[in-house]
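This report concerns only the one structure given below.
Values below: every heavy atom of this structure, side chains too, minus hydrogens, waters and symmetry copies. We count residues from 1, following the sequence as given.
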Amino acid sequence: MCIRDSINAEYMGNFLLIDMATGRNTFIRLVSGDDKEFFVEMRIAALCDTVLKQMNTSASDIQTVRFGTISGETLEGVIQYLHYKAKYMDEPNYQTIPEFYIEPRLSLDVLKAAIHLKL
């Protein structure tokens, strides 16, 4: 989700990609092994140690990180988990955090990808 500022932003569809005032990226492109692209906010993607190590926050163009062995469906599950983690990581009472749901047929692949990506 992003705030639209037509004067100071470069867009791809409805997504704010680069803040033109600062020249800093706000999104990063993640590409799966089957070439599905996901644009993820950098603050969310940075929760993944593997992505964080590849990010250059001062770059003026949209960065791309490719995951050749991870399918688009699995990468989407990983991204959903990153959003869940960002939302609840500062929750002081862990008992109020809802369970993260992932389709059972994807759970093993998402778990393997999470381990590989050091989440």
Side-chain angles (χ1 to χ4, degrees):
M1 195 174 294
C2 64
I3 298 172
R4 200 167 185 154
D5 179 351
S6 60
I7 297 172
N8 290 323
E10 182 177 314
Y11 290 95
M12 178 167 204
N14 290 327
F15 294 100
L16 171 68
L17 297 178
I18 298 175
D19 181 338
M20 299 306 278
T22 64
R24 296 184 71 188
N25 293 320
T26 57
F27 279 74
I28 189 167
R29 177 188 296 127
L30 304 180
V31 182
S32 66
D34 52 357
D35 292 326
K36 291 188 179 165
E37 293 183 338
F38 301 91
F39 289 88
V40 181
E41 289 179 83
M42 290 186 85
R43 68 177 184 83
I44 302 291
L47 295 173
C48 174
D49 192 46
T50 302
V51 174
L52 181 62
K53 288 178 181 176
Q54 296 183 43
M55 284 176 24
N56 177 1
T57 57
S58 64
S60 60
D61 56 338
I62 302 302
Q63 297 176 69
T64 300
V65 177
R66 297 187 180 278
F67 301 101
T69 60
I70 300 174
S71 74
E73 208 171 30
T74 301
L75 185 55
E76 184 175 11
V78 169
I79 293 166
Q80 288 171 353
Y81 174 74
L82 289 172
H83 280 276
Y84 169 87
K85 183 177 179 179
K87 183 175 182 177
Y88 295 109
M89 69 182 184
D90 293 327
E91 178 65 40
N93 185 359
Y94 72 90
Q95 294 174 340
T96 63
I97 299 174
E99 185 175 313
F100 176 72
Y101 177 78
I102 188 81
E103 289 184 46
R105 67 182 183 80
L106 294 175
S107 59
L108 184 57
D109 289 336
V110 171
L111 177 62
K112 287 179 184 177
I115 292 168
H116 174 74
L117 297 174
K118 299 178 179 143
L119 292 184

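Under the 4.5 Å side-chain heavy-atom criterion for ILVMFWY residues, no single connected hydrophobic cluster contains both Tyr81 and Leu108. Under the 4.5 Å side-chain contact rule for hydrophobic residues, Met89 and Ile102 share a cluster. Cluster annotation: Tyr101 and Leu111 are assigned to distinct hydrophobic clusters (Ile/Leu/Val/Met/Phe/Trp/Tyr, side-chain heavy-atom contacts under 4.5 Å, transitive). No continuous path of ILVMFWY side-chain contacts below 4.5 Å connects Met42 to Val31, so the two sit in separate hydrophobic clusters.
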For Tyr84 and Ile97, what are the C-alpha separation, side-chain angles and deciding distance, and is it a side chain to side chain contact (heavy atoms under 4.5 Å, CB included)?
CA-CA 10 Å; Tyr84 169 87; Ile97 299 174; 3.1 Å; yes
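The side-chain contact (heavy atoms from CB on, under 4.5 Å) with Leu119 is formed by just one residue from the set Leu47, Asp49, Leu82, Val110; it is Leu82.
In this structure, CD1 on Ile79 lies 9.0 Å from OG on Ser32, to the nearest 0.5 angstrom. Once rounded to the nearest 0.5 Å, the distance linking CZ of Phe67 with OG1 of Thr74 reads 12.0 Å. Here CG of Leu30 is found 8.5 Å from OG1 of Thr64. Values are rounded to the nearest 0.5 Å. The distance from atom NZ of Lys112 to atom CG of Leu117, rounded to the nearest 0.5 Å, is 13.5 Å. Note that CG of Asn93 and OH of Tyr88 are 12.5 Å apart. Values are rounded to the nearest 0.5 Å. Distance NE2/His116 to OG1/Thr50: 6.5 Å, rounded to 0.5 Å.
In terms of heavy-atom proximity, Phe39 sits nearest to Arg29 at CZ-NE, 3.3 Å. Scanning all heavy atoms of the two residues, the minimum distance from Ala45 to Val40 falls at N-CG1, 3.9 Å. Of all heavy-atom pairs between Ala86 and Arg43, the closest is CB-NH1, 4.4 Å.
With a 4.5 Å cut-off on side-chain heavy atoms, Arg105 and Glu73 count as touching. No side-chain heavy atom of Val65 sits under 4.5 Å from any side-chain heavy atom of Gln63. Taking 4.5 Å as the limit, every side-chain heavy atom of Val78 sits out of range of all side-chain heavy atoms of Ile70.
Dense packing is recorded around NZ of Lys85, with more than 12 heavy atoms of other residues, nucleotides or ligands lying under 6.0 Å away.
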